[in-house]
Amino acid sequence: MGCRERDGRSALLRVVAAAPTDGTRVVLVRPDLARSSPGRGAWLHPVTACLDRAEKRRAFGRALRLTSAFDASPVRAFLEAAEQHTAIVSVPEPMVTEKTESGFDADEHPMSTQQ
């Protein structure tokens with residue numbers, strides 16, 4: 001939706017419009033992790049850059065057919081938390097390579113028959 005690129009459903013995040021519960025007229029756009037909430041949904045890549053493009057293009061109003069004001073902050077909070085978690089989990093550890101007697105890396109040519 002935001003970047004207009006096609007992708008498989010497993011790579012996309014579904015978002016839905018939730019009815020306001022606090023008496024205001026602002027509709028909340030929230031992530032639908034189970035992908036089973038009733039109503040019209042929209043799909044976007046689970047990165048904040050795609051969300052930024054969707055907001056800039058005003059795509060949520062069209063995709064979800066919203067006529068009133070809406071707030072996509074629950075989606076932004078979810079994506080920022082997911083990106084922060086991914087950054088913490090994917091910190092690479094230093095890689096140690098061992099040299100063999102011939103000077104080549106041990107894992108360089110695992111199928112080589114030459115010795």
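Expressed to the nearest 0.5 Å, how far CZ of Phe70 lies from CZ of Arg58 amounts to 9.0 Å. Note that the CD atom of Glu80 and the OG atom of Ser73 stand 10.0 Å from one another [nearest 0.5 Å].
Looking only at distances, no side-chain donor or acceptor of Arg65 sits under 3.5 Å from a matching main-chain atom of Arg40. A donor-acceptor pair under 3.5 Å links the side-chain atoms of Arg62 to the main chain of Arg57, judged by distance alone. Remark: side-chain polar atoms of Arg53 are not paired, donor with acceptor, to backbone N or O of Arg4 under 3.5 angstrom.
Gly39 approaches Arg14 most closely through the heavy-atom pair O-NH2, 3.0 Å. In terms of heavy-atom proximity, His45 sits nearest to Cys3 at ND1-SG, 3.2 Å. The minimum heavy-atom distance between Arg30 and Ser37, with the atom names listed, is NH2-OG, 3.5 Å. Scanning all heavy atoms of the two residues, the minimum distance from Leu13 to Pro31 falls at CD1-CB, 4.1 Å. Of all non-hydrogen atoms in Gly41 and Val16, the two that sit nearest each other are CA-CG1, 4.1 Å. Closest of all the heavy-atom pairs between Ala42 and Leu64 is N-CD2, 3.7 Å.
Under the 4.5 Å side-chain heavy-atom criterion for grouping Ile, Leu, Val, Met, Phe, Trp and Tyr, Leu33 is not connected to Leu12 through any hydrophobic cluster. There is no path of hydrophobic side-chain contacts, each under 4.5 Å, that joins Leu28 to Leu66. Residues Phe78 and Leu44 share a single hydrophobic cluster, defined by chaining ILVMFWY side chains whose heavy atoms lie under 4.5 Å apart.
When side chains are defined from C-beta on, Val27 does not count as touching Phe60, because their heavy atoms never get closer than 4.5 Å. Side chains of Leu79 and Pro46 form a contact here, defined as non-hydrogen atoms less than 4.5 Å apart.
Arg76 pairs in a side-chain contact (heavy atoms from CB on, under 4.5 Å) with only one of the listed residues (Asp52, Val29, Asp71), which is Asp52.
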